Student: 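Would you mind keeping the following structure in view while I ask a few things?
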Amino acid sequence: MVNLSTLNAEQYDAVTQVSGPVMIIAGAGTGKTRVITYRMTHMLGLGIEGSKIVALTFTNKAAKEMKERLHELAGKSSKGIFIGTFHSYCLRILREFADAIGLDPQFSLAGTSDQIDLIRKALEEHGWQGLYRPEDLLTRISSAKNALLLPHEIKGDFADRDPAVLAVVYDLYERQLKLNRVIDFDDCIFKAAILLKNNPDIVSKLQDRWTHYLVDEFQDTNSAQLYVLEMLANRHGNICVVGDDDQSIYSWRGALVETLDRFETTFKGTRLIKLEQNYRCSNVILNAANKVIRNNTGRKNKTLWSASKNEDPITLASHVDDVAEAKWIALRIFGLLGQGRKPKEFGILYRANAQARALELALRELQIAYKVFGGSSFFERKEVKDFLCYFRLSVNPNDRLAFWRIINTPSRGIGLKTLEKIEEKAKETGLSPFEVLHQSLIPLDKKVQVAAQHFTDVLRNIQSAPLSDGAELEERGRRIIKEFGLDDEIKLKTSHEGSRRRKLDSLKKLPTWIRQIAESRIEEKGQLQLLDLLDQLSLDADGANDKDKGNDNHVSLMTIHGSKGLEFPVVFVCGLEEDQLPHKNSRDSELGLSEERRLFYVALTRAKEKLHLTYARERFSQFKKSERKPSRFLDELPAEGMLSELDAAKREQVQAEDKKQINMQRLSMLKNSLKTGFDRKPGTTIPAADHKA
């Protein structure tokens, strides 16, 4: 049995209550991961088989950490427990019962850029391109799936505008997913929920298999996830959820702040346990966080506290603009690095990714190592994915995903119905879709036939060129860009000059990049292996080219959303202005404003020792400077424990003068001791007091 003596009273209750429904309200920094791993170890010690236990969380990183910590406590006996994300758990169920829901067992997962491309094609099918943003429609389709709605179930009370358009695009999008034999990220849970809803025999089978459930970050669950849990855990009722409604910040991806109340309604007799002792922050920081979050109504009351003796005040700084703000932050960090702090001890948090640019420039100017987390990967850019799919197809004509992506890029007039005919003929003949098109095995309009034949003939010609070294690979890349007019496609469809220039520059560099990768692989393995090269091309280009790879000693820049679950000794939260935090899209809604306040609460509780809050009186946005007002959340902070920038500067000056005075006294004592030593007669010793000086 695991030693439970190191747990506080509330943690002990949370660990030992293993039967029936339990809800653990775990405030920020209260040791919930420890409680979860101790709880599972305790369950194993009671004789519950690991294969009967499911532990679910929301990120692969959190799942990995949970596995490692559990293995340290329970050793090999922990291997039977399923520990993973909601999506990986539901994906496992879908793989096992794919036939029951009409999926190909070998289905793949579509990436975000693939999803946007499919939405774009759906819009083009109806001539609606330019009328709607594909990203907006994808978000709304995601919301529909999280609410367990099929295309024909979209109605006005769900969609805020154009429900008919959303339903049509959603349906076309689903047909294209099926055509490509892929599902999207939301489908992992959405289709699992539909599977369980329509197959009670499968539900019964899974209820027999898993009898105990443990769910981390429960406040982040959406309707589809709750439905899956309710279906599988309601027979035995042995379910423990760990969450904090004050940290519910993902409504935009379907998370329900009322999820904790719904759990208590669904699972009658739920035992409620609160973890309030914080092991991360100082009480100065916790007092500020507690005072701010109390302005939200309908929350489960709790007050975080700490045994920490640190009384370092929170610094609040105002700046002329975002450039001055960034420079101030960089200079502060530079000074603290000079006092012995390490770059990895600092976290800079902001509301939107766009705020990172000014911060990067300021940190670069002082040569401070940093890393930006979040934002778009180089490989998620459309022009990069288009080029690489052409390249992959030139190496492997059987690459279905590459073919489906580029067959109509640039446009060749090939619509969804034609693509479905190609797929039907491919199934009938056993040929690849590329071969079906190349051999003209389906009837096409004359104009489309000419475009399709040109596409396959040119690609066949490119495929026949030798590929024995890096130079030939680079030449193939240049031929692809030229022969298929990928640069012309960018010029035609990108109206913003700066964006057009960036895309063309990225495209131009890709052939050389492929050559460099090939040459490094040849140097490493002695020969060029094309399949190995294709695997290498699937890596993130930014990561592959990161000179500091493996070095984690850097200042971390990230959105507040991205910082959840992390902590830093020193935290800077910048851009604390109206329209920024709270965001302009949320400030007029009580629900939206409450979530923005929770976001601020999360930001505050990332700091372990020292917290700096900053805002700018002007900020550069939408290609112009605009005046800003301080965030209303700053008015909710307590006066106690706060220092303005001026106060902080005075305090530092006093501290610096005190240090200077102390050093002067030490120097004077040293000089006196040396002088005394010189004046002594040979053979005498320096008194002990002088030694100390």
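Everything quoted here is computed from the prediction, not taken from an experiment.
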Student: So which of L593, D245, I560, N296 actually passes side-chain contact (heavy atoms from CB on, under 4.5 Å) with R598?
Tutor: N296
Student: Please give me the minimum heavy-atom distance between A402 and C389, naming the atom from each residue.
Tutor: CB-O, 3.5 Å
Student: Is the closest side-chain heavy-atom distance between E96 and K205 below 4.5 Å?
Tutor: yes
Student: I need the D386 CG to I490 CD1 distance, nearest 0.5 Å.
Tutor: 8.0 Å
Student: Could you tell me if the side chain of V169 sits less than 4.5 Å from the side chain of D171, heavy atoms only?
Tutor: no
Student: Is any side-chain heavy atom of L419 closer than 4.5 Å to a side-chain heavy atom of I407?
Tutor: yes
Student: For side-chain contact (heavy atoms from CB on, under 4.5 Å), just list the numbers for L431 and L441, CA-CA rounded to whole Å, side-chain angles, deciding distance to a tenth of an Å, and then say yes or no.
Tutor: CA-CA 10 Å; L431 297 172; L441 297 182; 3.7 Å; yes
Student: For D220 and Q225, work out which heavy atoms get closest and say how close.
Tutor: O-OE1, 3.8 Å
Student: Just how far is it from atom CD1 of I119 to atom NZ of K121, taken to the nearest 0.5 Å?
Tutor: 12.0 Å
Student: Assess whether atom NE2 of H454 is packed by more than 12 heavy atoms of other residues, nucleotides or ligands within 6.0 Å.
Tutor: no
Student: Assess whether a salt bridge exists between E577 and K629, defined as any Lys/Arg side-chain N lying under 4.0 Å from an Asp/Glu carboxylate O.
Tutor: no
Student: Which word best sums up how the rings of F434 and H438 line up, parallel for under 30°, tilted for 30 to 60°, or perpendicular for over 60°?
Tutor: parallel
Student: Decide yes or no for L599 and R351: does some side-chain heavy atom of the first lie under 4.5 Å from some side-chain heavy atom of the second?
Tutor: yes
Student: Quick test of your reading: applying ring pair (Phe, Tyr, Trp, His ring centres under 6.0 Å), list the pairs with at least one residue in residues 399-429, sequence neighbours left out, ordered by first then second residue.
Tutor: none
Student: Which value, rounded to the nearest 0.5 Å, describes the distance between R478 atom CZ and L473 atom CG?
Tutor: 12.0 Å
Student: F58 vs F86 aromatic rings, parallel, tilted or perpendicular, using cut-offs 30° and 60°?
Tutor: tilted
Student: Less than 4.0 Å between a side-chain N and a carboxylate O, is that true for K417 and E420?
Tutor: no
Student: Can you tell me how far the CD atom of E596 sits from the NZ atom of K584, to the nearest 0.5 Å?
Tutor: 12.5 Å
Student: Show your reasoning for whether salt bridge (Lys or Arg N to Asp or Glu O under 4.0 Å) applies to E383 and R502.
Tutor: CA-CA 10 Å; E383 67 275 11; R502 176 187 61 76; 3.5 Å; yes
Student: Using the side-chain contact (heavy atoms from CB on, under 4.5 Å) rule, pick out the option among I93, N199, V54 that qualifies with L206.
Tutor: I93
Student: Pick from R476, R479, Q463: which one makes a side chain to side chain donor-acceptor pair (under 3.5 Å) with S394?
Tutor: R476
Student: Checking side-chain polar atoms at under 3.5 Å, does S631 have a donor or acceptor matched by the opposite partner on Q580?
Tutor: no
Student: Please determine, by modelled atom types, if E230 and N234 share a side-chain donor-acceptor pair under 3.5 angstrom.
Tutor: no
Student: Working to the nearest 0.5 angstrom, can you tell me the gap between I141 CD1 and Q115 CD?
Tutor: 9.0 Å
Student: Ignoring hydrogens, what is the shortest heavy-atom contact between V395 and L467? Give both atom names and the distance.
Tutor: CG2-CD1, 4.3 Å
Student: Please report the shortest heavy-atom distance between L195 and I202, naming the atom on each side.
Tutor: CD1-CD1, 3.8 Å
Student: In plain terms, say whether E497 and R501 are close enough for a salt bridge, that is, a side-chain N and a carboxylate O under 4.0 Å apart.
Tutor: yes
Student: What are the two closest heavy atoms between K145 and F190, and how far apart are they?
Tutor: O-CD1, 3.4 Å
Student: Between R628 and E578, is a salt bridge (Lys or Arg N to Asp or Glu O under 4.0 Å) present by the stated rule, with each step listed?
Tutor: CA-CA 7 Å; R628 295 299 179 101; E578 290 291 300; over 6 Å; no
Student: Could you go through E595 and S586, starting from their C-alpha distance and side-chain angles, then the distance that decides it, and tell me whether this counts as side-chain hydrogen bond (donor to acceptor under 3.5 Å, both in side chains)?
Tutor: CA-CA 8 Å; E595 178 151 336; S586 303; over 6 Å; no
Student: Say you draw a straight line from CZ of R133 to OG1 of T139; how long is it, rounded to the nearest 0.5 Å?
Tutor: 8.0 Å
Student: Mark yes when over 12 heavy atoms from residues, nucleotides or ligands other than F82 sit less than 6.0 Å from its CZ; otherwise mark no.
Tutor: yes
Student: Should F218 and L229 be marked as a side-chain contact (heavy atoms from CB on, under 4.5 Å) after you check the CA-CA gap, both sets of side-chain angles, and the distance that decides it?
Tutor: CA-CA 11 Å; F218 187 68; L229 277 176; 3.8 Å; yes
Student: When you look at CZ of R95, are more than 12 heavy atoms from neighbouring residues, nucleotides or ligands closer to it than 6.0 Å?
Tutor: yes
Student: Assess the residue pair K509 and D505 against the criterion (salt bridge (Lys or Arg N to Asp or Glu O under 4.0 Å)); give the C-alpha distance rounded to whole Å, side-chain angles, the decisive distance to 0.1 Å, and a yes or no.
Tutor: CA-CA 6 Å; K509 290 177 179 177; D505 186 54; 3.2 Å; yes
Student: Salt bridge (Lys or Arg N to Asp or Glu O under 4.0 Å), that's the test. Do E472 and R515 meet it? Break it down for me.
Tutor: CA-CA 8 Å; E472 289 174 347; R515 174 178 181 165; over 6 Å; no
Student: Can you tell if the side chain of L459 reaches within under 4.5 Å of the side chain of F484, non-hydrogen atoms only?
Tutor: yes
Student: Do E217 and Q247 have a side chain donor and acceptor closer than 3.5 Å?
Tutor: no
Student: R412 and N408: which non-hydrogen atoms are nearest, and at how many Å?
Tutor: N-OD1, 2.7 Å
Student: Is a side-chain donor-acceptor pair under 3.5 Å present for D186 with S142?
Tutor: yes
Student: Would a 4.5 Å heavy-atom cut-off, applied to side chains only, mark P410 and D488 as touching?
Tutor: no
